[in-house]
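Structure first, then comments.
Keep in mind that what you see is a predicted model, and the values were worked out from it rather than measured.
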Amino acid sequence: MARPKKTDAPDLSEAQDLTAGAIERLTCPPEKLQVFLRDSKAPGLRVRATPASAKNPTGVKAFVFEAKLNRQTIRRTIGDVRAWTIEAARQEANRLRVALDAGTDPREVERQQQAAKAASKAAAAVQAVTVGEVWNAYMEARRPHWGVRHHADHAKLVQAGGVPAKRGTKGKGVTVAGPLHPLMALPLRDLSAPTIEAWAAREGKTRPTSARLAWRCLKAFLTWCAEQPEYAPALPSVNPAKTKKAREALGRAGVKQDALLKEQLSVWFDAVRQIHNPVAAAYLQTLLLTGARPGEVLGLRWEDVNTKWRGADHPRQGGGRARDSAYPVRLATDSRPAAPQCLRVPQRQPGQGGG
């Protein structure tokens, strides 16, 4: 049998001792998708060649491993022939062969490795994320469930401050940073109980009222974080804001002194009804009788008042569903005696806007 010439393409029907020359002469006919040149020294090792294309004028050649496991063909790419030596490819093929003989599927091993890398990458990202970034995600996730005002209050708690303003600056001429702003730059993983307790001790000395509100919002925020798979690994199992030390540092809310005693009500109503401005008188009485917020009463329109059932729907500040308050209403046009008269809402004169 004549010995093949060095310029001849290798015989693909038989396994051969792989050499650099044989790999170089290996080509894939244009009518085929791929061809394989088997190695005689490492069972399962092949060189795969694909036809030439515009992107790869000489085609692509790579070492691959092919074998059967449970009657299924397993084929794994080892690497490009330009990057791997023949000996290194044989060693890798033998390693895969040993794993396969032990019943281990290389594909499953690779999937597990990729999953582990993805989990490690995700864990590293969680460890690096800041409280401010998660707070923004929290506000966006809760937006459908909050009113506009409630959402704005959460944004105000973390604002940086330093913006020139004429009001609400405590004489500084610029806005004051929100109570939670000092925590926003911290990594979420560092938002521990001692950190929150130190924050509470500082804020409790200067603005305990707003700090108590911020603390309650912070507890709700951390509870939400613990329910999110992407953030839970960065937090301890117990909410770090729920500590006795933090609560005591912020103190208790003081008892309000701006309240009317039962014995003072008749005097107060007599004085209010003597106010010459009927709108102001009605406004003050409505506040006392209903417990509504000032903004809710100021936003009332005649269409909000139910004259039949003696109630009113308070338009919710910042949008959202109206809050119903079934309080007694007496209109100035109501001829029936009020016993006692609870409230006289002045009639809107022609040409006047609702209010």
Side-chain angles (χ1 to χ4, degrees), residues 117-251 253 317-320:
K117 289 180 181 179
S120 177
K121 186 177 180 180
V126 170
Q127 295 298 321
V129 72
T130 64
V131 178
E133 292 170 338
V134 183
W135 185 272
N136 291 334
Y138 168 63
M139 290 180 58
E140 191 61 30
R142 300 301 300 169
R143 185 188 293 273
H145 310 285
W146 290 348
V148 176
R149 178 63 179 273
H150 192 65
H151 190 274
D153 288 342
H154 277 72
K156 189 176 181 180
L157 289 174
V158 301
Q159 67 181 3
V163 180
K166 295 181 179 180
R167 300 178 59 185
T169 64
K170 297 183 179 181
K172 298 181 180 180
V174 294
T175 56
V176 180
L180 293 178
H181 176 69
L183 302 177
M184 293 298 105
L186 296 176
L188 183 63
R189 69 176 186 274
D190 292 344
L191 199 57
S192 60
T195 300
I196 296 175
E197 290 167 356
W199 165 85
R202 292 192 304 269
E203 295 294 330
K205 294 178 181 178
T206 57
R207 43 182 174 180
T209 301
S210 58
R212 281 191 292 270
L213 172 62
W215 176 61
R216 291 193 293 270
C217 293
L218 182 63
K219 287 192 295 182
F221 162 70
L222 290 173
T223 298
W224 177 85
C225 288
E227 297 172 350
Q228 312 308 311
E230 62 268 38
Y231 303 129
L235 295 172
S237 58
V238 179
N239 192 323
K242 294 182 178 181
T243 65
K244 181 179 179 181
K245 192 172 182 179
R247 183 178 68 252
E248 292 177 342
L250 295 172
Q317 295 183 6

Taking the side chain as every heavy atom from C-beta outward, state whether I196 and T243 have any pair of such atoms under 4.5 Å apart. no
Considering non-hydrogen atoms only, spot the tightest contact between Y231 and A137 and give its length. OH-CB, 3.9 Å
Note, W135 side chain near L180 side chain (heavy atom, < 4.5 Å): yes
Any donor and acceptor pair, going by atom type alone, linking the side chain of N239 with main-chain N or O of L222 inside 3.5 Å? no
P208 vs L250 side-chain heavy atoms within contact, under 4.5 Å: no
Straight-line distance of T130 OG1 to R189 CZ, nearest 0.5 Å: 11.0 Å
R207 side chain near V176 side chain, heavy-atom distance below 4.5 Å: yes
Report the distance from atom CG of D153 to atom CE of M139, rounding to the nearest 0.5 Å. 9.5 Å
Between atom OG1 of T223 and atom CG of L218, what is the distance when rounded to the nearest 0.5 Å? 9.5 Å
With a 4.5 Å heavy-atom cut-off, do W224 and V134 have their side chains touching? yes
How close do S192 and P240 get, counting heavy atoms only, and between which atoms? C-CB, 3.8 Å
I want to check something: taking the side chain as every heavy atom from C-beta on, are F221 and H154 in contact at a cut-off of under 4.5 Å? no
Could you tell me the separation between the CG atom of L183 and the CH2 atom of W199, rounded to the nearest 0.5 Å? 6.5 Å
When you compare the side chain of W215 with that of E203, does any pair of heavy atoms fall below 4.5 Å? no
Roughly how far apart are H150 NE2 and H145 NE2, rounded to 0.5 Å? 11.5 Å
Step through the shown structure and confirm whether more than 12 heavy atoms of other residues, nucleotides or ligands are within 6.0 Å of NZ on K156. no
Considering all heavy atoms, the nearest A160-A177 contact: O-CB, 3.1 Å
Under 3.5 Å, is there a donor-acceptor pair between the side chain of S210 and the main chain of P179? no
Grab the two heavy atoms, one from A214 and one from L157, that are nearest each other, plus how far apart they are. CB-CD2, 4.0 Å
Under the side-chain hydrogen bond (donor to acceptor under 3.5 Å, both in side chains) rule, collect the residues that match up with E140, sequence neighbours excluded. R143
Could you report the tightest heavy-atom contact between G178 and P182, atom names first, then the distance? O-CD, 3.8 Å
For a quick check under 3.5 Å, do T175 and Q159 share a side-chain donor-acceptor pair by atom type? no
